[in-house]
Amino acid sequence: MVNLTKKKKITLAVIAALAIALVITVPFVGAQVVANNAASNIKTLNARGNIYQTIDSDTIKYYQANLTLTLQPTSTSGNAKLFDVTGGSLVANGVTYTFTSGNGGVLTGRHAVLLQAQGTDPNGQAVTLKLAGQYGYSFLTGHVALKIGAKLQTADTNYTLLMLAPI
């Protein structure tokens with residue numbers, strides 16, 4: 001059994017409210033998964049949203065963020081489609097995080113996408129992006145969309161990302 005203090009309950013409620021508000025208010029921004037080259041089957045994931053930083057238990061800062069990842073399919077078996085992350089970047093608050101490797105998969109039976117990517121920040125420090133998303137019909141865009149929740153782990157802090165990518 002987990003006991004949460006009143007302060008932690010309020011913090012969780014605020015984060016949940018921000019997430020709901022983000023999903024409701026984020027407009028369709030033209031982000032999409034497109035085939036770059038039909039012969040190589042490379043895909044590009046473009047997503048927009050916000051990145052959140054908890055400074056102390058009472059202060060949460062957020063910035064607009066743009067995520068671009070290049071994905072190379074590797075195998076398909078049953079309901080799982082696996083891929084490698086071959087490159088990409090995340091731009092938030094004027095800072096660019098560059099991703100060079102990683103892997104992930106699409107679970108078609110659960111309409112889910114999972115991935116982990118490694119890269120560096122502008123100072124050359126290692127960063128890790130852990131992303132989980134669910135795709136389905138979006139009433140906001142009128143199209144199939146990927147709703148993304150992610151964590152960006154840097155040497156100094158962890159960030160939370162909430163993004164939307166029509167597919």
Side-chain angles (χ1 to χ4, degrees), residues 2 4 7-8 11-12 14-16 18-19 21-23 26 29-37 40-77 80-108 110-135 145-167:
V2 177
L4 297 175
K7 193 175 197 179
K8 288 183 181 179
T11 301
L12 289 173
V14 168
I15 291 172
L18 286 172
L22 174 69
V23 170
V26 171
V29 293
Q32 56 189 341
V33 176
V34 295
N36 287 342
N37 183 341
S40 66
N41 211 16
I42 293 175
K43 307 285 184 192
T44 302
L45 171 68
N46 295 308
R48 293 187 66 169
N50 290 321
I51 186 167
Y52 297 86
Q53 177 186 15
T54 303
I55 297 181
D56 54 42
S57 61
D58 295 329
T59 306
I60 297 174
K61 287 191 175 184
Y62 71 94
Y63 310 98
Q64 288 188 352
N66 297 315
L67 174 67
T68 302
L69 293 175
T70 305
L71 311 174
Q72 174 68 49
T74 57
S75 69
T76 301
S77 61
K81 297 178 181 182
L82 304 178
F83 57 85
D84 288 334
V85 177
T86 59
S89 64
L90 171 69
V91 179
N93 195 29
V95 178
T96 301
Y97 301 92
T98 305
F99 300 102
T100 55
S101 65
N103 55 27
V106 176
L107 305 172
T108 56
R110 298 196 179 261
H111 301 281
V113 177
L114 304 168
L115 75 82
Q116 181 170 330
Q118 295 77 31
T120 57
D121 67 9
N123 299 324
Q125 297 293 322
V127 298
T128 301
L129 176 70
K130 295 180 180 180
L131 180 145
Q134 186 171 13
Y135 62 90
L146 175 63
K147 297 174 275 186
I148 300 171
K151 290 280 185 190
L152 178 68
Q153 299 172 334
T154 68
D156 299 330
T157 188
N158 292 332
Y159 298 92
T160 302
L161 289 96
L162 299 171
M163 309 185 102
L164 182 64
I167 55 177

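Sequential numbering from 1 along the given sequence is applied to the chain's residues.
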Undergrad: Can any side-chain N or O of D121 pair as donor or acceptor with the backbone N or O of N123 at less than 3.5 Å?
TA: yes
Undergrad: Does L71 reach the side chain of V85, with side-chain heavy atoms less than 4.5 Å apart?
TA: yes
Undergrad: Of all the heavy-atom pairs spanning N41 and P73, show the shortest one and how long it is.
TA: O-CD, 3.1 Å
Undergrad: Looking at every non-hydrogen atom in both residues, tell me the closest pair between A47 and I148 and how far apart they are.
TA: CB-CD1, 3.8 Å
Undergrad: Quick one: sort the Y135 and H111 rings into parallel, tilted or perpendicular, breaks at 30° and 60°.
TA: perpendicular
Undergrad: List the steps and the verdict of side-chain contact (heavy atoms from CB on, under 4.5 Å) for N93 and I51.
TA: CA-CA 9 Å; N93 195 29; I51 186 167; over 6 Å; no
Undergrad: Under the side-chain contact (heavy atoms from CB on, under 4.5 Å) rule, what do L45 and L146 come out as? Steps first, then yes or no, please.
TA: CA-CA 10 Å; L45 171 68; L146 175 63; 3.9 Å; yes
Undergrad: What is the distance from atom CE of M163 to atom NZ of K147, rounded to the nearest 0.5 Å?
TA: 15.5 Å
Undergrad: Counting C-beta onward and ignoring hydrogens, is there a side-chain heavy-atom pair between T86 and T70 closer than 4.5 Å?
TA: yes
Undergrad: Looking at CG of L69 and OG1 of T44, how far apart are the two atoms once the value is rounded to the nearest 0.5 Å?
TA: 9.0 Å
Undergrad: So, taking the atom named CG in N46 and the one named CG in L67, what distance separates them when rounded to the nearest 0.5 Å?
TA: 8.0 Å
Undergrad: Carefully, step by step, assess V127 and L129 under the rule side-chain contact (heavy atoms from CB on, under 4.5 Å).
TA: CA-CA 7 Å; V127 298; L129 176 70; over 6 Å; no
Undergrad: Measuring only between side-chain heavy atoms, which start at C-beta, is Y97 closer than 4.5 Å to Y159?
TA: yes
Undergrad: For the atom pair NZ (K81) and OG1 (T74), what is the distance rounded to the nearest 0.5 Å?
TA: 12.5 Å
Undergrad: Quick one, L152 and L161 - any side-chain contact, counting heavy atoms below 4.5 Å?
TA: yes
Undergrad: Can you tell me how far CG of L90 sits from CG of N66, rounded to the nearest 0.5 angstrom?
TA: 8.0 Å
Undergrad: Taking side chain as C-beta onward, heavy atoms only, is Y62 less than 4.5 Å from L162?
TA: no
Undergrad: For atom CD of Q118, decide whether the heavy atoms of other residues, nucleotides or ligands shown that lie under 6.0 angstrom number more than 12.
TA: yes
Undergrad: Is there a side-chain contact (heavy atoms from CB on, under 4.5 Å) between I60 and Q53 once you walk through the steps?
TA: CA-CA 6 Å; I60 297 174; Q53 177 186 15; over 6 Å; no
Undergrad: Measuring from atom CG of D156 to atom CD of Q125, what distance do you get when rounded to the nearest 0.5 angstrom?
TA: 7.5 Å
